[in-house]
Amino acid sequence: DVPPGVEPVYGEEGFHTLLQESDAVVVTIPSTAETQGMVDARALAHMKPEAILVNVARGRVVDQEALVEALGKLGNSCKNCHQDYRRPKD
């Protein structure tokens, strides 16, 4: 139990619990081998139907196919990245 006025802190093992309790999720984690696909179909299924997902992370942290499937179930989603982003050549 968390005392009044104190916000809980979730580790990796509490990720899905955090998603279940959140009205909005902002993804800012770096793209690494460990975080690739972290927000997958299972993670998205744990989110509230009215939840908002904002992805400003780079790379493949959010599984785009799973996100497209979840769009009818999530309240909203926005992102400023694409998993196959290519920089323009100078």
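Atom set for the values below is all heavy atoms of this structure, side chains included, hydrogens, waters and symmetry mates excluded. Residue numbers count from 1 along this sequence.
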(message) Strictly by salt bridge (charged side-chain N to carboxylate O under 4.0 Å, His left out), give each pair with a member in residues 8-28 just once, sequence neighbours left out.
(response) Asp23-Lys48
Which pairs of donor and acceptor atoms, one on a side chain in residues 35-42, lie under 3.5 Å apart (sequence neighbours left out)?
| residue | atom | partner | partner atom | Å |
| --- | --- | --- | --- | --- |
| Thr35 | OG1 | Pro30 | O | 2.7 |
| Thr35 | OG1 | Thr32 | N | 2.8 |
| Thr35 | OG1 | Thr32 | O | 3.4 |
| Thr35 | OG1 | Thr32 | OG1 | 3.3 |
| Asp40 | OD1 | Arg42 | N | 3.3 |
| Asp40 | OD1 | Ala43 | N | 2.9 |

(message) Tell me every residue that passes side-chain contact (heavy atoms from CB on, under 4.5 Å) with Ser22, counting only those two or more places apart in sequence or in another chain.
(response) Leu18, Val25
(message) My understanding is that only residues two or more places apart in sequence, or in another chain, count here; which of them pass side-chain contact (heavy atoms from CB on, under 4.5 Å) with Val6?
(response) Val2, Pro3
(request) Determine the sole option in Val61, Ile29, Thr28 for which the side-chain contact (heavy atoms from CB on, under 4.5 Å) test with Val56 is passed. (result) Thr28
(message) Quick test of your reading: applying ring-ring contact (aromatic ring centres under 6.0 Å, His included), list the pairs with at least one residue in residues 1-39, sequence neighbours left out, ordered by first then second residue.
(response) His16-His46
(message) Tell me the closest heavy-atom pair linking Met47 and Ile52, and the distance in Å.
(response) CE-O, 4.2 Å
